[in-house]
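One structure is given below, encoded as structure tokens.
In what follows, chains are A, B, ... by sequence order, proteins preceding strands, each numbered from 1. All values below were derived from every heavy atom in this structure, side-chain atoms included, with hydrogens, water molecules and symmetry-related copies excluded.
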Amino acid sequence: MQSVKGKRHPLLRKLWKQRAFFLMLLPGLAYYVIYKYAPIVLGVATSVVKYNLRKGLAGSKLLDPWYSNFKFFFESNYFSQLLSNTLIISLSKILLTIPIALLLAILLYECHSVRLRRCVQTLTYMPHFLSWIVIYGMCFSLLSETNGLVNVLIRKLTGHTVPFFTDAHIFRGVIIWSDVWKSVGWQSIIYMAAIAGVDPNLYEAAHIDGAGRLKSIWYVTLPSIMPVVVTTLVLKCGNVLDAGFDQIFVMYNTAVRSTVDIIDTWVYRTGLEQWNISLSSAVGLFKSVISMILVILVNQLAKKWEASVW
Amino acid sequence: MTKRSFVSLLLALMMLLCVTSALAEEPVTIHVYGLGATIPETDPVLPELGNRLGLKIVVDTAAGGADAATGLMTRMMDNDIPDVFRVGDLNNLAVYHESDAVLDLTPYLDQIPTVVAAFPETDWARLTIDGGIYGIPRRGEVNYMDYFIRKDWMEKLGAKYPTTFDELYDLCVQVRDADLDGNGVNDTYPISGSKLESRAGTLNMFFTAYGVTQPNTLMIKDNKAVWACTDPAYKLALTEIRRFMEAGLIDPEFVSMNEDTLREKMSMGKVFLANGGWCAFAKQAQQDVLKAVDPNADWGHIESNIVTEYGISGATHTAANFSNVYAFSPDLADDPEKLAAALSIFEYTISGEGDELLCYGLEGVHYTKENGVITKLPAMNDLGYGWAIQFTGRDDMVYCMTKFAECADEIEHAANEVPVLTHYEALVSQPEGVNMADLKAYESEQLTAFIYGTRPLEEYDDFVQELYSLYNLGTYLDAATETLTELGYIE
């Protein structure tokens, strides 16, 4: 009987043969369905209803028209500014952090003094553990126009001060560079690990062929860890519309909002402060769709370097 | 049945009786979710209140307004609504009402006659949605806002207190050039403060002197709802501010500062004049901070007001004391005993001994009373979380003068001498087709640009037009007029 069935459905037969593996897969699958896919469905549903806080989704009414929240977001006078700010800040952070972290990892790897290496490594990844509130306090003490250390120096040298916190364009730099400072050490750990995994024979071969340190970095280290770099890039593209809510919310003010107001800060002001959960869900959905498209595009691009994630 | 099993049965029965009677005697517990300082475990006030009313009262607090609202929302979504909870503002109350997460108190008002009588009709009207009353108001507070000035520097300069902006300008120029903190650098910006939109905003002296309230507010002028920044006097106030900014008399960093950074700058001798509440500058601990660098620093309220033909400099105040409303869980409707208990807290503490207990603590421990006059004992300083448990507020002037006697001078000046302008936007819900968050954000950004000179003031009328054409201010003003007429503010 079974063999007849198998003949009819070769796929079913194959599946049945591997039933033990599928059984083992089940818990993992269940995890994704319950914790990853179900929330997507709930999120989509929440974005098209007037959410009832107490009764939940079941007690909520469908919006009329159902796309009202999306319309509200897209029609906001701030939409284009929000999108461009988010992309500029996010991409700048990604494109600056990756090469600097890479450089740091290579420099640390090439450093022969173990003590110095450990010291620098610890110092560079320490900021990762600081909260943005603390970093804001540090930035303010350093960059404040009236009594910040940096500005005191600048005033002594030039007689002028630099409005780090009130000039919109300079402030965007403060946002980007403070994030690079915070994350670069942590990011470099991944690259350090990748470099440590490079086959030593390759270096020896390069050395025998007459390559110096710079050339072996260029021809051995970099090509070997390129897949890891591309992978981190693809993964970061998945979060490209998260330009760092915590940081910007803590640090921004009305004088600089035009250049650092991002989608998430708008959602906070417009949606969450007025308990409009549905609006937040709608914007979250929009962000997810854009991020997914970007991840697919970047991965396609990565295929050209044979370094794609899938 | 053997004798032994009979005895064990009897014992079991007795134990059961003990347990049930113990359960029966367990007092009703009322969970309150509020705002303010954390209630310490050693708090003697709430247990005493519980004893007097035969209840157990558990108060849970969030430190900030946004935290409190988020915490409440999470509880509502978990279907774990606290019995009594503080509501942040009118819009939130409406959201809770739409979600059936708040109790209509109308059928139960006869249980709290003293509370009902204690507040005017208008207060109850504000809390009415679709004919039902959804919250209990809180007694309002007197004005705390004032302008604080370095009195020792005034003496050093031998200057007189300014009454016009020209006089203030000259005084600030003197301060800017005199290096009064003696550090050898001209790094004092005479006027500093924090934020633009807050009632403690740096520039409120300018706005109020021109008869208008701070940005992002709604006023009533000539019996009409007016969005403050569209008033013609606003441009004049901004012109004045611009003059001070250009001369380096206003701290260019004020938009990025808060109360703490301001106090720090004040203590370092970088500030001459700042706006804020006496509760932020006059208390002993704060005075210690302000005098940390220069023990001779003497911060006190300014002795004069700036007058223009449009108004007098002073403070602003919101017409809605909505940060101070308590609402009830709809689940209490099914538990009349618990609801009665929750209501009794408000009825008991609105006046008399209940009020005294929540405001001043225990007689003999925290205060003494003679001929009706309450005198503070040192232990009253332990009750620093008073605001969080004064469910119906307090007789504010008497309270402040008793509890913060060392600030009496500042309290009286702020409450009696500082003129106060009222603003009304917290009473108005956002109408369909208007995005107030965007409008307010745009207004703040553009006003900041005018102040910093990045947008010329000649374009001010264009800016006002933009509020109408891009942000539908007209629709909002129509809704505001309707609401304020209903509430009796506009005739």
Could you pull out the closest heavy-atom pair between B:Asp100 and A:Asn52, with the gap in Å?
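Looks like OD2-ND2, 3.9 Å.
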
Against chain B, label [X] side chain, backbone, both or neither, depending on which of its atoms sit under 4.5 Å from a heavy atom there.
X        : answer
A:Ser144 : both
A:Tyr136 : side chain
A:Phe164 : neither
A:Thr166 : side chain

Is the count of non-hydrogen atoms from other residues, nucleotides or ligands lying under 6.0 Å from [X] atom [atom1] greater than 12?
X        : atom1 : answer
B:Glu432 : CD    : no
B:Lys265 : NZ    : yes
A:Tyr37  : OH    : no

Using the six-membered ring wherever Trp is involved, compare the ring planes of A:Tyr78 and B:Tyr471 and label them parallel, tilted or perpendicular (cut-offs 30° and 60°).
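Geometry flag for B:Tyr471 against A:Tyr78: tilted rings.
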
Quick one: do A:Phe165 and B:Met257 satisfy side chain to side chain contact (heavy atoms under 4.5 Å, CB included)? Show the steps, please.
CA-CA 10 Å; A:Phe165 283 95; B:Met257 284 163 55; over 6 Å; no

I'd like to verify something: which residue of [options] has the highest number of heavy-atom pairs under 4.5 Å with chain A?
options                               : value
B:Gln446, B:Glu264, B:Glu98, B:Met436 : B:Glu98
B:Lys195, B:Glu197, B:Met76, B:Met77  : B:Met77
B:Ser192, B:Gly433, B:Ser444          : B:Ser444

Report the distance from atom CD of B:Glu445 to atom CZ of A:Arg257, rounding to the nearest 0.5 Å.
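Result: 5.0 Å between the selected atoms.
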
